[in-house]
Amino acid sequence: MLRLEARREPSRAMLLLTPVLAVALTVLFGGALFAALGKDPVAAMRVIFVDPLFDPYSRSELMVKGAPLALIAIGLSLGFRAGIWNIGAEGQFIMGAVAASAVALAFYDVQGLWLLPLMLVAGTAAGAGWAMIPAVLKTRFGANEILVSLMLVYVAEQFLIAMVSGPLRDPQGFNFPLSRSFHDSAVLPVLMEYTRVHVGVLVTLLVVIAAQVLMSRHIFGFRIRLSGEAPRAARFAGVDRAHVTWACMGLSGAAAGLAGMFEVAGPAQQLAPSLPVGYGFTAIIVAFLGRLSPPGIVLAAAIMALTYIGGETAQFALGIPAAANETFRGMLLFFLLGLDILVRYRLVPKRREART
Amino acid sequence: MDLSTLDPIALIVSLIIAATPLVLAATGELVTEKSGVLNLGVEGMMVFGAITGFAAAVESGSPWLGFLASATGGAVLALIFGVMTQYLLSNQVATGLALTMFGLGLAALIGQPYAGVKPPPFPRLDLPLLGDIPVLGRLLFSFDAMVYLSILLVAAVWWFLARTRGGMVLRAVGENHDAAHSLGMKVVPIRLAAIAFGGACAGLGGAYLSLVRVPQWTEGMTAGAGWIALAIVVFASWKPWRVLLGAYLFGGVTILQLNTQALSLNPALPAGAGLIVVGLVWLGLALRAGRPAGLALAALGLGAAALAFGLAAPRFQIGSAWLSMAPYLVTILVLVVMSRDRARAALNAPASLGRVFHAAG
Amino acid sequence: MKLASTVLAAAAALALGASGALAQAKDHVKVGFVYVGPVGDFGWSYQHDVGRKAVEAEFGDKVETTFVESVPEGPDAERVIQQMARSGTDLIFTTSFGYMDQTIKVAKMFPDVKFEHATGYKRADNVSTYSSRFYEGRHVIGLVAGKMTKTNTIGYIASFPIPEVVRGINAAYLAAKSVNPDVQFKIVWVSTWFDPAKEADAAKALIEQGADIIMQHTDSPAAMTIAQENGILAFGQASDMKQFGPDAQLTSIMDHWDPYYISRVQAVLDGTWEETDTWGGFDTGMVQLAEFSDKVPEDVKQMAMEARDAIAAGTLHPFTGPINKQDGSPWLAEGEVADDGTLLGMNFYVEGIEGDLPK
């Protein structure tokens, strides 16, 4: 028998090796799955994992799909490091998108360079505000932030539906629950011609760098880490838990709201009930796959985006059903999350005398 | 306004049927959470139970075998989560979300040959004599066996948690796993059992959807019921009997909204009436126990206001989204009220919820 | 095959510009389909996939068809459509209203690829639109329902208050009323196209309110199953739902995309594809009725068939005056027939329907 033994410090080798191992295992099991469905497993793996990387358009779409995941996950990782669990990013994303859309539609007839910054402020503030509800309920009443933030996702989803079938509905849209398409000055500029890579992707990159600096060089980052890893020591060091909670929740909400604004003003250019496709929840997984570190999160977001884009191609190129792709993605996540243990623990043979 | 066609008993009967999958899934999740584990994969386990149950019932011709298979399917899926979080120490939130993705995908894959197939019927019990009693007969004795089983399950879970040694151990593990471990309790096996139980119940809830309430298999047919079950556990403040109340509240909002539309009736009317009934019962209980009755009075006042609004504008219809929001806001309110009183909160909410446990050495 | 075309003014102007760019005949076409739901939904997406298979059966080696299912109506749709266009697909059918702007956008970038968008109203040189006159089918089931209801109460499960759905309610109501002046419609809006549990609950609510016949404008067969369980009658939607309600289903209004899809693929093969706007009904075979059940009396069946044939022949229009709007204001004068423009934007109930149209 084997048992787990904690390592003194995380293994560098395993840090790099486990994702490779996880992908290898997924390829093995996923290949068996596809083969069982009568599809060519080698072709499937090529279409999902390799082809998108060598096609310029797919590469640009990886950024479009990966950016919101990375942006939200970066925000969440701050809180997760401090032991503050915001799992309502999906709701904050929605509120950011709704607020930004409301601004865009309120000034539908007015054009100007100030509109996008205003939308950005509205979206970020709405996301942060929505996240502050669980934060304040936590510090004021001790209500569990995991549960409150999760409940607020459902409220936000219904709010979005109420808005697009009410005040924000396209007056010429035949009652379809959709908003108008935004005016040009409410649409994010595109960075590369013939793609949908928008300014938001660049901003996401800057946020990632800022987060890396914040966490490694700044006293605030130190406080966050301290209050997550050693809450008692943090208290002695004069770290106010309530302030850390507000800061982490507020920042993660702001990031999610910003992602919502980018999504609606970038690729969507219109508010619709189908706008949220689970970025807020997927980003939680991305944050953990990236081991809560900014570079890791970027990599994890790219892998997730790859499976989505590759999965779509696998559907029309190889006829692999959407359900098989979803199962495949689930497997990949399980292997990635499960093998992560090898970074912090090592497998050693079980010896009776080891027990004291 | 024509109230003559409003049949409150029929309303309650359909409400109970609509709430049954929620009761089953939420009761299971309650046990899982009581052991200190937060499994967000309820939706995935439910939909997986819906298809395993459906497939087994169709292949064998027996809905009972279907329910058995759904419980097994849900438990097996839950055990993936269990192994991941208990042995491989992966994060529970992330793993639960991954479980939902995996469950939805795998269920859709297995279910492909079953779209458009009719399951064997699951008859109502039709108890002789009892079912013929006016009013009460329909209200109490007109259901299928799973409805009664779901209520029995709630009772059994309550009894187990409150009255047995096993229940005490489970709660201790959920409260403080390190202390429980040092007292010699086997934290990991106990949690695995609780996780499997939660999965089995979620599977049953899914199968109730695919075999009784809808009855058919369609991809993604749970349509968010698993997430509602998670909310109900919180609403119930981890108390089994309140799960019933929560499930009826959440299920009731949909039923109310559909029925009042069919009636062209302001939903505030029946909602107000319901609130007043609940408020009165609550007030009675509080007075008997000598507890402060402020919240019960608030419920009564709110009910009266709703009723007055309903009478003043009998044909008013509210957008369904606003109505669907309400139970979640109530849940947050309940959570806040409960957490405010730390001593009482500690009795209900498992303190180790979501924390990783690894016994060193 | 003759296809009825409703050409709005703006489209006509665009079409003139398009006719210059005739493509050459091809001996092989690649056809792509984008679906909003899973192909196993037994409703909207399922029926489009039936059409795709019909194309394969018709042309054999000359076509290659592909599809992507469960594509959300948003940024993801644009990528899927574009990836399809890039991979050498000649003709792409985007089968949900919410793909409208994405289809137009991608079409601009790929002028050589032909696009067909279902139920939308925006067109371009290489984008056609197509939809079915489902309301013609609703007229026929309205007649049958009016004749067969015993409680004079018809239950109607509606999704969203868009013109398509409102038109269906009005058509069915007017027809039912014409054969049964006492008939009453109870309408429940479920705010979803696909949620089996909610649709089932809506059917139960309607049955409790005395409905003995259920009509639906949602995609899952849940309501049919509930009708079967409760021993009442119902009409199927989108596909033949007889297997879900062998005793309950009277008939079903079936989306029948096969003839349209085959004709459009043929047009690409021949090099005669042009931007069009097609709104086909019984006359084109795009709307069909499933076989009537034995429960429908012979004389009612006769009447229904006659109505169907008259609509197909163009001698009967389901919206023929005199018709008043719900508030009593006149809409169509005696003998006047509704124009397609009003039908396409229909946002009011006709006189006699109770309740308010959700805003």
CG on B:L109 to CD on B:E219, rounded to 0.5 Å: 9.0 Å

Heavy-atom proximity to chain A below 4.5 Å, by part of B:L99: both

B:T32 and B:N39 side chains, donor-acceptor separation under 3.5 Å: no

Region of A:I87 in contact with chain B, defined by heavy-atom distances below 4.5 Å: side chain

Spacing of B:M325 atom CE and A:I161 atom CD1 [to the nearest 0.5 Å]: 8.5 Å

Proximity breakdown for A:L33 and chain B, heavy-atom pairs closer than 4.5 Å: side chain

Taking only distance into account, with no hydrogens and no angle test, what donor-acceptor pairs under 3.5 Å do side-chain atoms of residues 278-293 of chain A form with protein atoms, sequence neighbours excluded?
unit_1: A:T282; atom_1: OG1; unit_2: A:G278; atom_2: O; d: 2.8
unit_1: A:R291; atom_1: NE; unit_2: A:D340; atom_2: OD1; d: 2.7
unit_1: A:R291; atom_1: NH1; unit_2: A:L15; atom_2: O; d: 3.3
unit_1: A:R291; atom_1: NH2; unit_2: A:T18; atom_2: OG1; d: 2.8
unit_1: A:R291; atom_1: NH2; unit_2: A:D340; atom_2: OD1; d: 2.9
unit_1: A:S293; atom_1: OG; unit_2: A:G290; atom_2: O; d: 3.4
unit_1: A:S293; atom_1: OG; unit_2: A:G296; atom_2: N; d: 3.3

No-hydrogen, no-angle side-chain donor-acceptor test under 3.5 Å, A:R329 and A:T307: yes

Ring pair (Phe, Tyr, Trp, His ring centres under 6.0 Å) partner of B:F102, the single match among A:F29, A:F334, A:F335: A:F334

Per-residue contact mode, A:F159 against chain B (heavy atom under 4.5 angstrom): both

Interchain contact, B:T95 with chain A, by part (heavy-atom threshold 4.5 Å): both

Interatomic distance, B:N176 atom CG to B:R171 atom CZ [nearest 0.5 angstrom]: 14.0 Å

Portion of B:M101 that has a non-hydrogen atom of chain A nearer than 4.5 angstrom: both

Considering all heavy atoms, the nearest A:G91-A:V153 contact: N-CG2, 3.7 Å

Among B:G105, B:A98, B:G44, residue most engaged with chain A (heavy-atom pairs, under 4.5 Å): B:G105

Atom group of A:L150 that falls short of 4.5 Å from chain B, counting heavy atoms: side chain

Part of A:L37 within contact of chain B (heavy atom distance under 4.5 Å): side chain

Test item: side-chain donor near acceptor, A:Q158 and B:W322, under 3.5 Å: no

Chain B contacts, top residue of A:Y154, A:W85, A:F80 (heavy-atom pairs, under 4.5 Å): A:Y154

Chain A contact residues among residues 224-233 of chain B, heavy-atom distance under 4.5 Å: B:W227, B:L230, B:A231

ring-ring contact (aromatic ring centres under 6.0 Å, His included) between B:F235 and B:Y328, worked out: CA-CA 9 Å; B:F235 173 86; B:Y328 297 106; over 10 Å; no

Check: A:R169/A:S179 side-chain N/O donor and acceptor closer than 3.5 Å: no

